[in-house]
Amino acid sequence: MTDSVIQGLPRWTLAVPPLAFVVLLATWHRDLGAVLLILVCLGLGAAVIAAVHHAEVVAHRVGEPFGTLILALAVTVIEVALIVTLMASGGDKAASLARDTVFAAVMITCNGILGLSLVVGSLRHRVQEFRVQASYSVLTVMIALVTLSLVLPTFTTSAEGPQFSSAQLAFAGVTSLVLYGVFVFIQTIRHRDYFLPVRADGDVDEDEDHHAAAPSGKTALLSLGLLFVCLVSVVGLAKTVSPKLESAVESAGAPLAVVGVVIALLVLLPETVAAVRAALRNRLQTSVNLALGSALASIGLTIPAIAVASIWLSGPLVLGLGGKELVLFILTVVTSMLTLATGRATLLQGAVHLAVFSAFLFLAVSP
């Protein structure tokens with residue numbers, strides 16, 4: 001232990017999570033003035049940075065791909081709780097909230113996070129390598145989940161619009177959960193080596209930090225608890241600023257779906273920072289695991305949770321994508337397939353993904 005490190009953790013990483021949580025408690029359900037709004041934004045940014053640090057500590061202890069899986073699952077579980085809470089209090093205005101949030105998560109992860117990682121990594125390392133077996137496996141499951149959960153409702157025969165019947169929703173929820181469970185089994189047990197980063201010599205890297213001692217079990221547990229506190233704070237603070245965002249969106253004449261996009265961007269900040277840092281260390285496989293794995297977790301856990309919550313939620317549940325979103329999804333699928341086909345990525349592929357992501361953001365604001 002030194003002046004700056006306690007139990008292997010820097011002091012700031014121990015202080016930020018409780019402070020961010022205190023900011024959340026102090027500002028919860030309060031009208032934010034200029035000072036409080038700045039405080040919330042500072043707390044949100046600090047919580048994101050601390051969450052990434054603690055996720056990396058846990059990842060170093062348990063090894064890959066468990067570390068990235070822990071971060072993706074933690075973020076998604078809290079995101080699901082936020083969606084259900086907002087739907088319960090939003091009534092008919094929140095009918096498409098689950099759809100908008102999940103689709104935004106898919107666009108952010110598959111185009112925003114992946115594209116940014118490719119650009120940043122290729123600028124430093126020129127060409128980066130990843131494992132095609134893993135990337136294509138995740139992409140296949142993602143395509144199936146989005147199609148079964150968000151595309152099919154548009155083409156069902158429901159008289160109430162792009163909605164599933166109760167039986168159809170139950171089937172989609174069970175199928176999503178089963179597919180995600182099989183993916184987790186493949187990623188962590190059956191074919192774990194597929195999801196490990198690739199070294200410069202082409203072999204898999206069992207441990208990127210083999211030169212550093214793994215943190216103790218006590219330190220890892222402490223980081224896991226602080227990671228959960230950080231993620232709760234990130235989601236809670238994102239919800240706290242959402243009324244201001246909603247007012248700004250309405251004043252600008254933009255659709256309310258923009259609020260869901262902005263909240264999704266805030267909630268996914270920890271994974272974005274972690275993916276970019278991995279790409280800078282020439283570990284693009286970790287970035288791909290985070291990006292595509294987060295998309296799977298968002299769909300695979302959100303749809304079953306919404307299916308269960310719909311039992312007591314009184315408002316309608318709109319899941320079907322519109323024509324614009326379908327075009328963007330098809331473009332994302334084609335682009336991702338071409339990007340992941342060779343196992344090598346350059347700046348050009350990253351630029352294409354960021355262009356698609358920019359189109360998504362632009363059309364969300366100006367439909």
Side-chain angles (χ1 to χ4, degrees), residues 3-61 67-68 70-86 89 101 104-105 108-109 113 215 218-246 248 259-278 290 294 297-298:
D3 290 339
S4 60
V5 178
I6 298 177
Q7 293 183 352
L9 298 173
R11 290 180 182 273
W12 70 268
T13 65
L14 299 174
V16 165
L19 287 177
F21 192 72
V22 168
V23 171
L24 172 61
L25 294 178
T27 57
W28 188 253
H29 286 313
R30 292 189 60 179
D31 185 26
L32 299 182
V35 175
L36 287 181
L37 183 60
I38 294 174
L39 185 63
V40 168
C41 292
L42 290 175
L44 182 61
V48 166
I49 297 173
V52 173
H53 179 86
H54 288 298
E56 291 182 341
V57 171
V58 175
H60 190 190
R61 175 65 184 180
T68 56
I70 288 172
L71 180 58
L73 283 174
V75 169
T76 305
V77 168
I78 298 174
E79 180 185 356
V80 168
L82 177 60
I83 291 173
V84 173
T85 301
L86 292 176
S89 59
T101 304
I108 292 167
T109 53
I113 298 179
K218 183 177 180 180
T219 300
L221 285 175
L222 177 60
S223 282
L224 184 61
L226 292 174
L227 170 62
F228 181 78
V229 174
C230 286
L231 293 175
V232 170
S233 300
V234 168
V235 175
L237 292 172
K239 182 181 178 182
T240 300
V241 301
S242 63
K244 289 290 185 181
L245 293 174
E246 186 172 344
V259 177
V261 174
V262 174
I263 292 177
L265 285 168
L266 294 174
V267 171
L268 288 169
L269 268 178
E271 291 164 305
T272 304
V273 176
V276 170
R277 291 180 63 175
L290 274 168
S294 299
S298 181

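All figures in this text were calculated on a predicted structure; none of them were measured in a lab.
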Which heavy-atom pair separates [X] from [Y] by the least distance, and what is that distance?
X	Y	answer
L24	V232	CD2-O, 4.0 Å
A275	I113	CB-CG2, 3.5 Å
V229	P17	CG1-O, 3.6 Å
L237	A20	CD1-O, 4.3 Å

Show which side-chain atoms of residues 34-49 pair as donor or acceptor with protein atoms under 3.5 Å away, not counting sequence neighbours.
none

If I take atom [atom1] from residue [X] and atom [atom2] from residue [Y], how far apart are they, to the nearest 0.5 angstrom?
X	Y	atom1	atom2	value
L25	T240	CG	OG1	9.5 Å
L265	I108	CG	CD1	4.0 Å
L221	L227	CG	CG	12.0 Å

Exercise. Please examine the side chains of L226 and T13, heavy atoms only from C-beta on, and report whether any two atoms are closer than 4.5 Å.
Key: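 T13 does not reach L226 side chain to side chain.
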Quiz item: Mind checking whether L9 and H53 have side chains closer than 4.5 Å, heavy atoms only?
Solution: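 Touching, per the 4.5 Å side-chain cut-off.
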Quiz item: Which residues satisfy the salt bridge (charged side-chain N to carboxylate O under 4.0 Å, His left out) test with R277, sequence neighbours excluded?
Solution: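 With sequence neighbours excluded, R277 shows a salt bridge (charged side-chain N to carboxylate O under 4.0 Å, His left out) to E56, given in chain and number order.
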Quiz prompt | Contacts of S223 that satisfy side chain to side chain donor-acceptor pair (under 3.5 Å) - sequence neighbours left out | solution =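 For S223 the side chain to side chain donor-acceptor pair (under 3.5 Å) partners, ignoring immediate neighbours, are H54.
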Quiz prompt | Polar side-chain atom of S294 near backbone of L290 as donor-acceptor pair, under 3.5 Å | solution =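 Checking the backbone N and O of L290 against the side chain of S294, a donor-acceptor pair under 3.5 Å is found.
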Quiz item: Does any pair with a residue in residues 39-51 pass side-chain hydrogen bond (donor to acceptor under 3.5 Å, both in side chains), and if so which ones, sequence neighbours excluded?
Solution: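 Listed by first then second residue: nothing to list.
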